[in-house]
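Accompanying notes for the structure given below.
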Amino acid sequence: MAKKTTKFICQSCGYESPKWMGRCPGCNEWNQMTEEVAVVSKPKGAFLHTAPGTVAKAAPINTIQSEQEARVETDLVELNRVLGGGVVPGSLVLIGGDPGIGKSTLLLQVSSQLSTHQHKVLYISGEESVKQTKLRADRLQITSSELYVFSETNLEVIQQTIQDINPNFVIIDSIQTIFHPEVTSAPGSVSQVRECTAELMRIAKTNEIAIFIVGHVTKEGNIAGPRLLEHMVDTVLYFEGERHHSYRILRAVKNRFGSTNEMAIFEMKELGLEEVENPSEIFLEERSKGASGSTVVASMEGTRPILVEIQALVSPTMFPTPRRMASGIDYNRVNLIMAVLEKRVGMLLQNQDAYLKVAGGVKIDEPAIDLAIAVSIASSFRDIPTNADDIVIGEIGLTGEVRRVSRIEQRVQEAAKLGFNRVIIPNNNLGGWKVPSNIQVIGVSTVKEALKHALGG
């Protein structure tokens, strides 16, 4: 007989306790412990057994033959790059994002593209009926006989359907709606999400089926459910963007088969998502020339350089404590750079409000944008416009020095390709690479020196 156990589980982090506690010891959240009755029984079903064959044995690493992972490419080149070159058979991919951002649209497009290349795809929706999915497919002009649509939330029925159809790819939309009948807690709870993901992982690994899972996100932007969910899957992708803007950003935060710093940009149109081949032009197309507080920086997103505009507005404060706001940039990084400008350059910023943002809605988090932030703040504070044809790149130290950055050659080549005439870079990055003929490179060692070149003093 099955054995019933009662335990209390934190709905934020998955911490388990035999008794109720007001504050979770794992994540320090209050009133998140809920009682769940877990039924422990013998697993059954063809997918729960290991693959037939001999039992593997431990072997010295120098005797193991390395093999290149076989990949299946979609028609979306940007998605292939974020995944590391394509979809790996047997992989488990988790995609998270805000409601209405386009997760289901993206996966339905990918399903259609894979099915047109004679790959059998099973799209399982736990939130929509088959007719609702068909309406979206009609809008996207999807008519493929190899794309199977199924509306179900019972994991055992899903397992049997996968066994009957034997697809190459499976889409689960979403994991929070799927439930295991042998787990008594409600769908979306920590126990259900953990058990269902573990079963799907066994299906993917033992049958070489690539499975895409859609995950809901919390109000903080993290994927709902236990953090264990992100540890179990092979790849975690975040779909970002504003619902009222047409551009969407797909970012990899975990990838066992590729880089974790890649980013793809799509534009939402009537017929679905379209790739943005040159995002730098998109982010700079509405830039105002001759305005103070605007600086362009070349940021690296994985292997791709992207030019973005950093805007700053500095004005006298009306409050005892000045306000500091940042959009697309780390708030603490802004405070650090303003402290360096006040101490090392002599700018009196303690009575000034400061508002900074990255134009276009993209988020940047790398040290190479420090110098561009400093130039934007100084330009707005002194009300001196920056040169519209300048690119500023560099990391700032606490002593006011400008430090070396990585992949400087790719950054400068991207700036030259888009028609910029001058680039200000760290002095230690000069030499060892070929400078494009149509751009001037200036090396600086301190923030003061960089401001002298960028603002004329």
Side-chain angles (χ1 to χ4, degrees), residues 9-14 32 34 36-39 45 47-48 92-111 121-137 147-165 167 169-204 209-239 243:
I9 301 179
C10 175
Q11 299 302 305
S12 295
C13 67
Q32 294 294 321
T34 60
E36 295 184 5
V37 179
V39 180
F47 287 111
L48 303 182
L92 191 61
V93 181
L94 174 64
I95 298 181
D98 294 330
I101 203 70
K103 303 183 296 295
S104 300
T105 300
L106 174 65
L107 290 176
L108 198 58
Q109 281 186 245
V110 172
S111 301
V121 182
L122 175 60
Y123 188 96
I124 301 173
S125 177
E127 301 174 344
E128 296 178 331
S129 65
V130 174
K131 292 183 178 180
Q132 288 176 311
T133 307
K134 174 61 176 175
L135 288 175
R136 180 186 287 113
L147 174 57
Y148 295 80
V149 180
F150 186 47
S151 179
E152 183 55 60
T153 56
N154 190 322
L155 184 60
E156 289 189 347
V157 179
I158 291 174
Q159 288 178 335
Q160 187 61 46
T161 305
I162 294 175
Q163 187 176 17
D164 295 339
I165 296 179
F169 300 90
V170 174
I171 313 294
I172 304 292
D173 188 8
S174 65
I175 188 63
Q176 275 79 13
T177 62
I178 307 300
F179 71 93
H180 197 297
E182 295 183 357
V183 180
T184 57
S185 56
S189 63
V190 170
S191 298
Q192 287 285 5
V193 170
R194 180 175 54 209
E195 292 299 321
C196 292
T197 304
E199 297 296 334
L200 292 172
M201 182 175 62
R202 292 189 186 99
I203 295 174
I209 299 174
I211 300 180
F212 289 84
I213 299 175
V214 175
H216 295 169
V217 296
T218 61
K219 61 182 180 180
E220 291 84 11
N222 300 319
I223 293 179
R227 198 70 176 179
L228 178 66
L229 178 62
E230 298 187 32
H231 290 288
M232 294 173 69
V233 300
D234 296 313
T235 304
V236 179
L237 306 178
Y238 275 90
F239 211 34
R243 294 181 59 184

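All values reported here derive from a predicted model rather than from experimental measurement.
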Original post:
Does the side chain of E195 come within less than 4.5 Å of E182's, by heavy atoms?
Top reply: no
Original post:
How long is the span from the CG atom in N154 to the CD atom in Q160, to the nearest 0.5 Å?
Top reply: 11.5 Å
**OP:** Output all residues satisfying side chain to side chain contact (heavy atoms under 4.5 Å, CB included) with I165, sequence neighbours left out; order by chain, then residue number.
**Re:** K120, L122, Y148, T161, P167
Subject >> Spacing of OH belonging to Y238 relative to CD1 belonging to I95, to within rounding of 0.5 Å >> reply: 12.0 Å
Donor-acceptor pairs under 3.5 angstrom involving side-chain atoms of residues 100-107: please list them, not counting sequence neighbours.
{"from": "K103", "atom 1": "NZ", "to": "G97", "atom 2": "O", "distance (Å)": "3.2"}
{"from": "K103", "atom 1": "NZ", "to": "D98", "atom 2": "O", "distance (Å)": "3.1"}
{"from": "S104", "atom 1": "OG", "to": "D173", "atom 2": "OD2", "distance (Å)": "2.6"}

Original post:
Could you state the interatomic distance from CZ (F150) to CD1 (I162), rounded to the nearest 0.5 Å?
Top reply: 9.5 Å
Original post:
Which pair of non-hydrogen atoms, one from V214 and one from Q176, has the smallest distance, and what is that distance?
Top reply: O-OE1, 4.0 Å
Subject >> Distance in Å, I203 CD1 paired with L155 CG, rounded so as to fall on 0.5 Å steps >> reply: 6.0 Å
Original post:
Within the distance-only criterion (no hydrogens, no angle test), does the side chain of S125 pair as donor or acceptor with the backbone N or O of S151 below 3.5 angstrom?
Top reply: no
Subject >> Non-hydrogen side-chain atoms of L92 and T197 separated by less than 4.5 Å >> reply: yes
Original post:
To the nearest 0.5 Å, what is the distance between CD (E156) and CD (E199)?
Top reply: 9.0 Å
**OP:** Please report the shortest heavy-atom distance between S191 and I9, naming the atom on each side.
**Re:** OG-CD1, 2.9 Å
Original post:
Closest heavy-atom contact between G215 and I175?
Top reply: CA-CG2, 4.2 Å
Original post:
Side chains of P187 and T153: does their closest heavy-atom pair fall under 4.5 Å?
Top reply: no
Original post:
Is there side-chain contact between M232 and I213, with at least one heavy-atom pair below 4.5 Å?
Top reply: no
Original post:
Short question: side chain of Q192, backbone of S189 - any donor-acceptor pair under 3.5 Å?
Top reply: no
Subject >> Nearest-0.5 Å distance, CD1 of residue I124 to CD1 of residue I178 >> reply: 7.0 Å
